[in-house]
Amino acid sequence: MHPPRISIKDIAHAAGVSHSTVSRALAGSSLISAETRERIQALAEQMGYIPDAVAQSLQTRSTRTVGLVVTSIADPFFAAIVEGAEETAIAAGMSVFINVSHNDPEAELALIETLHRRRVDGIILAASRLGMRHTQALARVQVPVVMVNRQPDEHDPADFHSIAVDDRGGARLAVEYLLSLGHRRIGYLGMGNRFESNRSRLEGYRAALAGAGIQPPDAWIQTCPAEDASGRGDVAAAETVFPALLAAGVTAVFCYNDQAAVGGLLACRKLRVGVPEGCSLAGFDDIDLARYVEPPLTTVHQPRREMGRQAMQMVLDLLAGKRVENRVLSPTLVIRSSAGKPGEANCPLPLLSAEEKTFRFMEMTE
């Protein structure tokens, strides 16, 4: 059996003072003498007294907690965001409750409502999947809400706040780099379960090609079905879809994220297409894995840890009654070995003709 929990009443009995005197001493009140206050605090520590967080929260109307909702713990994109948020929270004496929505908007909304009922002081939504029809329910949340990696649109409540990276600008960086290498047949591999960010990155892809006078045909743009990306994960979903891009004759592919690019690497290996010699690849996010795959990925870097830090600081500032402005951070391009000039030498695998790529693609999809 567990030993009985020490209460304020137990401390009062041991100290020979009233219950209210102990409460004031533990709260650091100046209404009692410093000597009595120090004696009671020392006695409480000696007896192993642990304050009742629930009772304290009812008195202070603060639980010193922030709820953080992520879409998946399998996606390494979120690890640095969580670390950054926790660093700032711990420094401020706050705790973080981490929750996973599994890419399900209804589950995400249920988690938000649960966190609200548990009286968290604020909520951070990382890569939220909530759509227009959920905004009515979100508007009822009476604590600060900050979105990470999603910019509010006209349907979101006016008091929602966000920190995000310029998805459209980051996509342009990647595609313009591929264009600078000499590629003109550049594909896009998107994710159907990331509606807002996928749309922005696709817009950036199209804008970069338009700047070079290129209108991509439909076959150059492939999107992993939402159910595949949510159920099997980005790598597996991208590996299945990627061969259609090769069959369309592209020489380079800009992928929605680094996991999709890893799926592209695996598909190229199965089809015996060298990277970057037969097909160049560029990703988005700059997760840790991006530098360790072979070849290392050229990718768009997001300052994920800093986004987590700033999101938590925005919550703290809102709780302090400070004015907070939404923030859009500028991404940077990290150049590694997965992208090169079209048909570059030193291909480790024999390149396939367009007819062979199409044949292998049909084999993989049967």
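All of these numbers come straight from a predicted model, not from anything done at the bench.
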Q: Indicate yes or no: at least one non-hydrogen side-chain atom of Val146 is less than 4.5 angstrom from one of Leu318.
A: yes

Q) Is any side-chain N of the basic residue among Glu325 and Arg327 closer than 4.0 Å to the acidic one's carboxylate O? A) no

Q. Would Asp167 and Arg194 pass as an ion pair if we require N to O under 4.0 Å?
A. no

Q) At what distance, to the nearest 0.5 angstrom, does CD1 of Ile186 lie from OG1 of Thr251? A) 6.5 Å

(Q) Between Asp121 and Val66 (side chain of the first, backbone of the second, donor and acceptor by atom type, cut-off under 3.5 Å), is there such a pair? (A) no

Q) Is there a path of hydrophobic side-chain contacts, each under 4.5 Å between heavy atoms of I, L, V, M, F, W or Y residues, that connects Val69 with Phe97? A) yes

Q.
Would you compute the distance between atom CG of Leu189 and atom CD of Glu239 and round it to the nearest 0.5 angstrom?
A. 11.5 Å

Q: State the CE-CZ distance between Met191 and Arg201, to the nearest 0.5 angstrom.
A: 10.5 Å

Q. Are Met312 and Ile90 connected in a single hydrophobic cluster, I mean Ile/Leu/Val/Met/Phe/Trp/Tyr linked by side-chain heavy atoms less than 4.5 Å apart?
A. no

Q. Charged N to carboxylate O under 4.0 angstrom, Glu203 versus Arg206?
A. no

Q.
I'd like to know if Asp286 and Arg336 make a salt bridge, using a cut-off of under 4.0 Å between side-chain N and carboxylate O.
A. yes

Q) What closest approach, in Å, do Arg64 and Ala92 show between heavy atoms, and which atom pair accounts for it? A) NH2-O, 2.6 Å

Q | Thr223 versus Tyr256, side-chain donor and acceptor atoms under 3.5 Å | A | no

Q. Hey, quick one: are Leu109 and Val143 part of the same hydrophobic cluster, counting side-chain heavy atoms closer than 4.5 Å, chains of contacts allowed?
A. yes

Q) Hey, is CD1 on Ile335 packed in by over 12 heavy atoms from elsewhere, all under 6.0 Å? A) yes

**Q.** Side-chain (Asp285) to main-chain (Gly283) donor-acceptor, under 3.5 angstrom
**A.** no

Q: Using ring-ring contact (aromatic ring centres under 6.0 Å, His included) as the criterion, point out the one residue from Phe284, Trp220, Phe254 that pairs with Tyr188.
A: Phe254

Q. Hey, does the side chain of His183 reach the backbone of Tyr177 with a donor-acceptor pair shorter than 3.5 angstrom?
A. no

Q) Tell me, do Leu265 and Leu297 make a side-chain contact under 4.5 Å, heavy atoms counted? A) yes

Q: Is it possible for you to say whether Phe195 and Val165 belong to one hydrophobic cluster, with membership spreading through side-chain heavy-atom contacts below 4.5 Å?
A: no

